[in-house]
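Only this structure's heavy atoms are used, side chains among them; waters, hydrogens and symmetry mates stay out. A quick note: this is a predicted structure, and the numbers were derived from the prediction, not measured. Ligands are counted one by one from 1 in listed order, and the atoms in each one are counted from 1 as well.
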Amino acid sequence: MGYVVSKEAFDQVLQKLGEKYRLYAPVRKVGEGRFTDTDVVRYDFVNRLEDMELDAKSDYAFKEILTPLSQTLFFFTEGETKEADMDISDAIVFLRACDLHAVKSLDDIYLRNRFEDPFYKKIREHIKFALIGCASSFENCFCVDMGTNVAPDDYIFSIDAAGDQVKSAVCSDEVAEIFESISAKKEDVTPAHVTENPVHVEIPDQIPNSIFKSDIWDEYSSRCIGCGRCNIVCPTCTCFTMQDTFYSENGKVGERRRVAASCMINGYTNVAGGGQYRKSQGERMRFKVLHKISDHKKRFGHNMCVGCGRCDDVCPEYIKFSNIINKVDNAVEEEGR
Ligand code: SF4
Ligand code: SF4
């Protein structure tokens, strides 16, 4: 089922949805980029179609809506704890096919990884997704080779805006009723998806443990500066650390926060007694890459990396995750010869 409407009529749809849901979408923040006179595209509230940036990849993923960068979990006093209040009102998040695949990985980690995380679950239960169609590939995307160019069926409607029109495939009775209420024209709509990217990757079916000792990781000990940007923009990086903030000098009153962390930053693997599991940036890169293209798949049946290319877009050292995947593939092939 689908509908074709003018942009003005689509704003009416958004307005009606906005009465019940918070609407999040990529928004261009003019002049707020990393360098002077550059923009950044990140998630924020929207009310109208023109609030959304649909012609560029978002620099940051949607994940902060589900896993805030800093989240107070509970407050404590000497003998009591109180869970922090959370904004768990219903929301719709507009995202692209690769990011919708990324949601599966977030759910794996927070809902299916031995325990259910109650804080994540509370937010997740109130989130629905709307799909932004991709008419063409962006720089550094490799979603086709990762099999994430076509969206899973977890969206309630899609949007493809072209010219004065918006086409929507609708998979929810609630949304269909809204389109019907504005007498939208019915049409079969298939959300746009890319079938070709400029960047290609090949992932070996089996990655032997001997890859741990490969010299392909060595160059990153000098090239990677451990800034952690690649983790922060990645829609599937989920690592966090705990911080206790004390309000009183005796350390008995305060709050516990969950704060986003990065496996590429020095100190991430520090343990009591002064130990550190992965000391060099090469070792940290090995851990990150193999988690994204091997370890998660062994456990949950699909790769964690969705080929969005954001890490490649943002790396100040021009390190390409896609190149590293291909280096792993070559190393495994050479070993098999
Ligand atoms: S590792 Fe890079 S390409 Fe893969 S999902 Fe994360 S940001 Fe996107
Ligand atoms: S963004 Fe680049 S330099 Fe920074 S930690 Fe990631 S790979 Fe290393």
Side-chain angles (χ1 to χ4, degrees), residues 26 34 40-43 56-64 66-67 95-109 134 137-149 151-152 194 197-203 207 216-239 260-269 278-297 300 302-329:
R34 270 186 287 156
V40 67
V41 180
R42 61 189 319 156
Y43 274 77
K57 188 196 311 184
S58 67
D59 295 293
Y60 290 85
F62 64 94
K63 74 175 176 188
E64 288 167 40
L66 288 165
T67 56
L95 39 61
R96 297 180 186 276
C98 60
D99 283 345
L100 204 45
H101 282 275
V103 174
K104 276 193 291 180
S105 292
L106 297 184
D107 287 351
D108 290 339
I109 295 296
C134 284
S137 177
F138 296 106
E139 192 182 359
N140 291 325
C141 295
F142 49 98
C143 55
V144 176
D145 289 346
M146 296 307 294
T148 57
N149 54 324
V194 297
N197 302 127
V199 176
H200 289 280
V201 295
E202 282 206 33
I203 301 183
I207 300 182
I216 61 170
W217 311 112
D218 296 346
E219 71 171 277
Y220 302 105
S221 289
S222 53
R223 281 183 73 194
C224 172
I225 58 171
C227 64
R229 283 180 184 176
C230 48
N231 299 120
I232 297 300
V233 297
C234 176
T236 63
C237 277
T238 48
C239 290
S262 158
C263 61
M264 298 301 288
I265 286 181
N266 191 24
Y268 176 79
T269 60
R278 293 182 291 276
K279 290 191 175 73
S280 72
Q281 288 308 121
E283 289 171 296
R284 293 166 190 166
M285 186 64 84
R286 184 202 67 214
F287 171 82
K288 181 182 77 171
V289 172
L290 295 183
H291 191 201
K292 299 280 183 198
I293 64 164
S294 175
D295 299 337
H296 189 90
K297 188 172 181 183
F300 296 106
H302 60 95
N303 281 314
M304 195 177 220
C305 174
V306 295
C308 71
R310 287 187 180 94
C311 53
D312 296 357
D313 299 334
V314 81
C315 177
E317 300 300 310
Y318 305 104
I319 293 169
K320 299 278 183 209
F321 195 81
S322 50
N323 277 350
I324 306 174
I325 294 177
N326 288 330
K327 281 180 188 174
V328 171
D329 188 56

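- If you look at ligand 2, the protein residues with a non-hydrogen atom under 4.0 Å away are Cys224, Ile225, Gly226, Cys227, Gly228, Arg229, Cys230, Met264, Met285, Cys315, Pro316, Glu317, Ile319.
- For ligand 1 and Val306, the ligand atoms under 4.0 Å from any heavy atom of the residue are 4 (Fe), 5 (S).
- The stretch residues 287-296 participates, sequence neighbours left out, in these side chain to side chain donor-acceptor pair (under 3.5 Å) pairs: Asp108-His296, Thr236-Lys292.
- A donor atom on one side chain and an acceptor atom on the other are found under 3.5 Å apart for Arg310 and Ser58.
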Asp218 and Arg286: salt bridge (charged side-chain N to carboxylate O under 4.0 Å, His left out), yes or no, with the steps? CA-CA 10 Å; Asp218 296 346; Arg286 184 202 67 214; over 6 Å; no
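- Contact check for Val306 versus Met146: no side-chain heavy atoms found under the 4.5 Å cut-off.
- Relative ring orientation between Phe62 and Tyr43 is described as perpendicular, the plane-to-plane angle rising above 60° on a 0-90° scale split at 30° and 60°.
- The salt bridge (Lys or Arg N to Asp or Glu O under 4.0 Å) pairs that include a residue from residues 315-327 are Glu219-Lys327, where partners are two or more places apart or lie in different chains.
- Every residue meeting the salt bridge (Lys or Arg N to Asp or Glu O under 4.0 Å) condition with Arg42, not counting sequence neighbours, appears here in chain and number order: Glu64.
- The atoms of ligand 1 that sit less than 4.0 Å from any heavy atom of Gly309 are 3 (S), 8 (Fe).
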